[in-house]
*Asks:* 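Could you have a look at this structure, given as structure tokens, before my questions?
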Amino acid sequence: MAQAPTGIGKTVGTLFPMLKALAPQQLDKVFFLTAKTPGRKLALDAAQVILDSADAPPLRVLEMIARDKACEHPDKACHGESCPLALGFYDRLPAARQAASQLSLLALREVALQHDVCPYYLSQEMARWADVVVADYNYYFDFSALLFGLAQANNWKVAVLVDEAHNLVERGRQMYSASLDQATLNSVRKTAPEPLKRSLQRVNREWNALHDQQLSPYQAYDKAPEKLLQALSLCCASIGDYLNDHPQGLDSGLQNFYFDMLQFGRVAELFDEHFLFDISKRDLERKRNLSQLCLRNVVPAAFIRPRLTAARSAVLFSATLSPRHYYADLLGTPANTVWIDVESPFSAEQLQVHIVSQISTRFVHRQASLEPIVELIAKQFTQRPGNYLAFFSSFDYLQQVAQLLAERHPHITLWSQSRGMGERPRQAFLDQFTVHGQGVGFAVLGGAFGEGIDLPGARLIGAFIATLGLAQLNPVNEQMKQRMAAIFGAGYDYTYLFPGVQKVVQAAGRVIRTQQDQGVVMLIDDRFGESKVKQLLPRWWSIKSALF
Ligand code: SF4
């Protein structure tokens, strides 16, 4: 595990030595795994730097793209009767594979379309023929991960690089959880083929029986629901039989629900104290209320550890892997894991960090905090005009502050993140941060702009962080807290504090990107002054209390 500040070249710094180790360690492949699309782009850029070097090694680098992004016919199904790129795929595959194998950086769309084959399935084929595969985490860590499966089946010796590894906790939980929605069950019951209706009906009956014991809209249990699981298993068997007799398949709604049931059954088999089973009802008052069932993974360590130890070598790196025991406990890194904390190349003089302890951003104090936050932003902006980011815990909070700032200080340009922002509007948001620009971008902490964005030099000179990043206080998080307390004896820290401060440090990390950058970070909340919070902040920061 390597903790190293953002912007110092972790991507090329991990990839290059691993490539050097390919021959002496007789490695078959390097898997570079990322949490988000921008991470893949950085890895491909790093690979390109290496490929462009004077004595470039003869490498093939492949990017795996998710099916929904790589698909050329999203309105079709993946078989020859529906999609022209699936029809005759294996007839044309050898020529397409041959053409793709001539490339160093395997941009497969062009090759695939030249040979009339599906780019997504061609990339899966080329995984066998690439030296470096850049892919999302799920290609290696998911239950049915392609890269892990290939490595096992072929006895490959692989090296695994896990980029921005702090994300693996939450992504791991998602991969090893399963949920079912009763509204979906009701809709597929109506359209299901006649022979399947009875078994779906039985699932619904057992599901409703669970509601009898439920007293509140949300309830968590230590055990998985046995009778419902039996009904689900019988239902999956009936659908399996039906598919044997009807190879043309099911409609997409029932097919997706079938996959959800299979995942639910699979997770149920693994259910132990590292999971919760919970039922969320939509509306307790309504007579026929519907619910959502979730087998919720709380600690993914038991599933991640075997994937890490199956590799010849695994390097997990990020700017925020503190505290070490938290990530070791949740990611299941083996006891002999080497841990390095790379010194920051930045100096404390480059970044003024202020704790603004006169303001509380707690929910009950929110209204009272609006005006002081607005005046703080305006004062800083007047003292040093330029580009800033301001982070909040929610869109509501963000809008309230943005609105008041616009009223009180109309000369300050501001732009705001919106809910569900697509890739283009996100890029447009970032494009406003120009070298000669001046304005304040409002964003939600832990969202699209809280990590993985690079605004060097004058493109970003400061950040206001008006939240500790604590997860919302809700019944699910409270259950997680209880479970964390039972397993690790640190419920609040493991559920709220550590993940929250990690987001704060990531967001603050947007400000200083090079050794020439100068900037300011305002940590707005009295709790930032508490020693247990301060000790989670980067050691190279020199923190002052701000008076305003
Ligand atoms: S075969 Fe490929 S192009 Fe065709 S529908 Fe499936 S993913 Fe899309």
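Every value quoted in this text rests on a predicted model; they were computed, and no experiment measured them. Residues take their numbers from the sequence shown, with the count starting at 1. Remember, it's 1-based here, ligands and their atoms both numbered in the order they're listed.
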*Asks:* Look at the N, O or S atoms of Cys71, main chain and side chain alike, and state whether any lies under 2.8 Å from atom 6 (Fe) of ligand 1.
*Replies:*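 Looking at Cys71, which is the residue asked about, there is no N, O or S atom under 2.8 Å from atom 6 (Fe) of ligand 1.
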*Asks:* Give the atom numbers and elements of ligand 1 that come within less than 4.0 Å of a heavy atom of Lys76.
*Replies:* 5 (S)
*Asks:* Give me the residue, atom name and distance of the protein heavy atom closest to atom 3 (S) of ligand 1.
*Replies:* Glu72 N, 3.5 Å
*Asks:* Using heavy-atom distances, let me know which of Ala70, Ala77, Cys83 sits nearest atom 4 (Fe) of ligand 1.
*Replies:*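 Heavy atom nearest to atom 4 (Fe) of ligand 1 belongs to Cys83.
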*Asks:* Kindly assign one of parallel, tilted or perpendicular to the pair Tyr242 and His246, based on the angle between their ring planes and the thresholds 30° and 60°.
*Replies:*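 Ring orientation, 0 to 90° scale: parallel.
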*Asks:* Any atoms of ligand 1 less than 4.0 Å from a non-hydrogen atom of Cys118? List them with their elements.
*Replies:*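 The atoms of ligand 1 under 4.0 Å from a heavy atom of Cys118 are 1 (S), 2 (Fe), 3 (S), 7 (S).
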*Asks:* Please name the residue in the list Gln182, Lys190, Arg189 that meets the side-chain hydrogen bond (donor to acceptor under 3.5 Å, both in side chains) test with Asn186.
*Replies:*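 Between Asn186 and the candidates, side-chain hydrogen bond (donor to acceptor under 3.5 Å, both in side chains) is satisfied uniquely by Arg189.
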*Asks:* Could you label the plane-to-plane angle of the Tyr326 and Phe498 rings as parallel, tilted or perpendicular, counting under 30° as parallel and over 60° as perpendicular?
*Replies:*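 Ring orientation of Tyr326 relative to Phe498: perpendicular.
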*Asks:* Please list, in number order, the atoms of ligand 1 under 4.0 Å from a heavy atom of Arg67.
*Replies:* 7 (S)
*Asks:* Mind running side-chain contact (heavy atoms from CB on, under 4.5 Å) on Leu93 and Tyr121 for me, showing each step along the way?
*Replies:* CA-CA 10 Å; Leu93 176 63; Tyr121 287 103; over 6 Å; no
*Asks:* Looking only at protein heavy atoms, which one is nearest to atom 6 (Fe) of ligand 1, and what is the separation?
*Replies:* Cys78 SG, 2.4 Å
*Asks:* Report yes or no: is the cationic atom of Arg307 (NZ for Lys, CZ for Arg) under 6.0 Å from the centre of the six-membered ring of Phe148, at an angle within 45° of the ring normal?
*Replies:* yes
*Asks:* Regarding Arg40 and Glu63, does a basic nitrogen lie under 4.0 Å from an acidic carboxylate oxygen?
*Replies:*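 Yes, this pair counts.
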